[in-house]
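Take a look at the structure set out below.
Everything numeric in this text was worked out from a predicted model, so none of it was measured. Starting from 1, each residue takes its place in the sequence as its number.
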Amino acid sequence: MMRRWMTLAACALLAGCVGGKEETAVATTSRAEVAASDFRPAKELFGKVALPSQQVPASFGGYSQGCLSGAVQLPETGPTWQAMRLSRNRNWGHPTLVAFLQDLSRSAARQPSWNGLYIGDMSQPRGGPMLTGHASHQVGLDADIWMLPASRLDLSRGERESLSSISTRRAAGAYVNGNWTRQHHEIIKAAASDPRVARIFIFPGAKAQMCNDETGDKSWLRKVRPWWGHHYHFHVRLNCPWGDRSCVAQDPPPPGDGCADAQQWVNNILNPPPPDPNAKPVKPKPPITLASLPQQCTSVLSSR
């Protein structure tokens, strides 16, 4: 009887081992193999998910090829901000981004004629590529901030869909126009001076104007990078959160304030250089598939 009991116990123990770590390893391998062979366009998968994953907040991959777990929603309205275009469901981000936007909006509210900020696109509930628009905004660390002063913070949902921001450029982005104010300068300076910020993208004429107008320390201008478009809004990109090893950081901006580089952009807009006769045609980028995203994105997508 004792021998039979010991045999049954040994079998139960062995079954427990087979059904434990080894079984988990097999399941994990299967999920990895499925993810590696899933060539569906990732934008169609992430763009249709309405809610975040119930996971620890983390940014997986890079700003233009990644996803986001445990996203936090920026409340639609706060004391010094309103989220715009609510129908897009893009007012989600890493908790670090949500906290940053709330902090910056309080700073903006101290500027004359500004009661805060109108916040445009952030990320989708689980990050990832979007069905329309941005190539980046995939890991919950990017946000677009409207150039339109937030004079009202009681906009209805309908007004947030129909209201438009204002353009601040002229001459195809070589210069600012009459909508540009010192308040824009100060709000962008406050954002660039925040250690959480990695880069700010804005049209070349605005960067050149800020370089000309800034009389004090210009070191903060290093983070302000000229880029096409970005005259109805400026784009803030945060650094990878401290300790988040799954997030792929962007290389730091080149040394210096970048003012000479911005002026070169302006010069090229006003006097475009001749096209390079030896330039090879640029091949369109293939769509991002689930297989090309970090492996963790499969779990993010399937998590409840």
**Prompt:** Do Trp228 and Trp265 have ring centres separated by under 6.0 Å?
**Reply:** yes

**Prompt:** To the nearest 0.5 Å, how far apart are CD1 in Ile202 and NZ in Lys207?
**Reply:** 10.0 Å

**Complete:** Here the pair of heavy atoms bringing Asp154 nearest to Gln82 is N-OE1, 3.5 Å

**Asked** Quick one: does Leu101's side chain get under 4.5 Å of Ile145's, heavy atoms only?
**Response** yes

**Asked** In Å, rounded to the nearest 0.5 Å, how long is the span from SG of Cys259 to CE of Met210?
**Response** 9.0 Å

**Request:** Ignoring hydrogens and angles, tell me if any N or O in the side chain of Asn115 forms a donor-acceptor pair with the backbone of Ser151 under 3.5 Å.
**Result:** yes

**Item:** Side chain Tyr118, main chain Arg160, donor-acceptor under 3.5 Å
**Value:** no

**Request:** Considering non-hydrogen atoms only, spot the tightest contact between Leu131 and Gln124 and give its length.
**Result:** N-OE1, 4.1 Å

**Ion pair Arg157/Glu76, N-O distance below 4.0 Å** = yes

**Request:** Indicate the atoms forming the closest heavy-atom contact of Val300 with Ser69, along with that distance.
**Result:** CG2-CB, 3.8 Å

**Request:** May I have the step-by-step check of side chain to side chain donor-acceptor pair (under 3.5 Å) for Asn239 and Trp242, ending in yes or no?
**Result:** CA-CA 8 Å; Asn239 292 301; Trp242 185 85; over 6 Å; no

**Message:** Checking Gln138 against Ile288 for the side chain to side chain contact (heavy atoms under 4.5 Å, CB included) test, could you report, in this order, the C-alpha distance in whole Å, the side-chain angles of both residues, the deciding distance, and whether it holds?
**Reply:** CA-CA 12 Å; Gln138 294 192 29; Ile288 297 175; 3.8 Å; yes

**Prompt:** Would you say Val98 and Ile187 are hydrophobically clustered, going by side-chain heavy atoms of ILVMFWY under 4.5 Å?
**Reply:** yes

**Euclidean distance, Phe203 CZ relative to Arg170 CZ, rounded to 0.5 Å** = 10.0 Å

**Request:** Mark yes or no for whether Trp81, through its side chain, and Pro75, through its backbone, hold a donor-acceptor pair below 3.5 Å.
**Result:** yes

**Request:** Report whether Met130 and Leu68 are members of the same hydrophobic cluster (ILVMFWY, side-chain heavy atoms less than 4.5 Å apart, transitive linking).
**Result:** no

**Prompt:** With no hydrogens and no angle check, is any side-chain donor or acceptor of Ser53 less than 3.5 Å from a backbone partner on Gly70?
**Reply:** yes

**Request:** For Glu214 and Gly216, indicate whether the former's side chain and the latter's backbone hold a donor-acceptor pair under 3.5 Å.
**Result:** yes

**Request:** Look at the side chain of Asn177 and the backbone N and O of Arg169, then say whether any donor-acceptor pair between them is shorter than 3.5 Å.
**Result:** yes

**Message:** For Leu153 versus Thr77, what's the shortest heavy-atom pair and its separation?
**Reply:** O-CG2, 3.8 Å

**Test log, rule side chain to side chain contact (heavy atoms under 4.5 Å, CB included), inputs Leu104 and Asp194** = CA-CA 9 Å; Leu104 184 63; Asp194 192 303; over 6 Å; no

**Student check: side-chain heavy atoms of Trp180 and Met147 closer than 4.5 Å** = yes

**Item:** Gln55 vs Ser299, side chain to side chain donor-acceptor pair (under 3.5 Å): CA-CA, chis, key distance, verdict
**Value:** CA-CA 10 Å; Gln55 297 170 304; Ser299 173; 3.3 Å; yes

**Request:** May I ask you to decide if Ser156's main-chain N or O and Glu159's side chain share a donor-acceptor pair within less than 3.5 Å?
**Result:** yes

**Item:** Same apolar cluster: Val236 and Trp92, side chain cutoff 4.5 Å
**Value:** no

**Message:** Between Cys67 and Leu301, is the side chain to side chain contact (heavy atoms under 4.5 Å, CB included) condition met? List the steps.
**Reply:** CA-CA 9 Å; Cys67 61; Leu301 194 62; over 6 Å; no

**Request:** Identify the two heavy atoms, one from Ala42 and one from Leu293, that lie closest to each other, and give their separation to 0.1 Å.
**Result:** CB-CD1, 3.8 Å

**Prompt:** Taking the six-membered ring for Trp, is the centroid-to-centroid distance between His184 and Trp114 below 6.0 Å?
**Reply:** yes

**Complete:** ring pair (Phe, Tyr, Trp, His ring centres under 6.0 Å) with Phe201: of His233, His235, His134, His231, only one passes, and it is His235

**Prompt:** Among side-chain atoms of His137 and Asp121, is any donor-acceptor pair under 3.5 angstrom?
**Reply:** no

**Message:** For Lys43, I'd like to know if atom NZ has over 12 heavy atoms of other residues, nucleotides or ligands within 6.0 Å.
**Reply:** no

**Request:** Please say which of Pro125, Cys297, Ser123, Pro41 ends up in a side-chain contact (heavy atoms from CB on, under 4.5 Å) with Phe46.
**Result:** Cys297

**Request:** Measure the shortest side-chain to side-chain distance between Val224 and Phe234 over non-hydrogen atoms and say whether it is less than 4.5 angstrom.
**Result:** no

**Message:** Would you compute the distance between atom CG of Asn91 and atom CE of Met122 and round it to the nearest 0.5 angstrom?
**Reply:** 6.5 Å

**Asp261 side, atom CG; Gln263 side, atom CD - distance, nearest 0.5 Å** = 10.5 Å

**Validation row: Gln183, Pro149 side chains within 4.5 angstrom (heavy atoms)** = no

**Request:** Report yes or no: does Ser59 contribute a side-chain atom to a donor-acceptor pair with the main-chain N or O of Cys247 at less than 3.5 Å?
**Result:** no

**Request:** Using atom types as modelled and distance alone, determine if a side-chain donor or acceptor of Ser105 lies under 3.5 Å from a backbone N or O of Gln102.
**Result:** yes

**Message:** Can you tell me if Arg182 has over 12 outside heavy atoms packed within less than 6.0 Å of its CZ?
**Reply:** yes

**Request:** Please round to the nearest 0.5 Å and tell me the distance separating atom CG of Asp144 and atom CZ of Arg85.
**Result:** 11.5 Å

**Request:** For the residue pair His185 and Trp220, categorise the inter-ring angle as parallel (less than 30°), tilted (30 to 60°) or perpendicular (more than 60°).
**Result:** perpendicular

**Request:** Indicate if Ile200 and Tyr232 have the same hydrophobic cluster label, given that clusters are the connected sets of ILVMFWY residues with side-chain heavy-atom separations under 4.5 angstrom.
**Result:** no

**Message:** Could you check whether any side-chain heavy atom of Thr96 comes within less than 4.5 Å of a side-chain heavy atom of Leu238, counting everything from C-beta outward?
**Reply:** yes

**Prompt:** Would you find more than 12 non-hydrogen atoms of other residues, nucleotides or ligands less than 6.0 Å from Tyr175 atom OH?
**Reply:** no

**Request:** Identify the heavy atoms of Asp244 and Ser246 that sit nearest to each other, and give their distance.
**Result:** OD1-OG, 2.5 Å

**Side-chain donor/acceptor of Arg225 to backbone N/O of Arg222, under 3.5 Å** = yes

**Prompt:** Can Leu51 and Arg304 be said to form a side chain to side chain contact (heavy atoms under 4.5 Å, CB included), step by step?
**Reply:** CA-CA 9 Å; Leu51 295 172; Arg304 293 185 177 181; over 6 Å; no

**Asked** Under a single-linkage definition using a 4.5 Å side-chain heavy-atom cutoff for Ile, Leu, Val, Met, Phe, Trp and Tyr, are Ile119 and Leu163 assigned to the same hydrophobic cluster?
**Response** yes

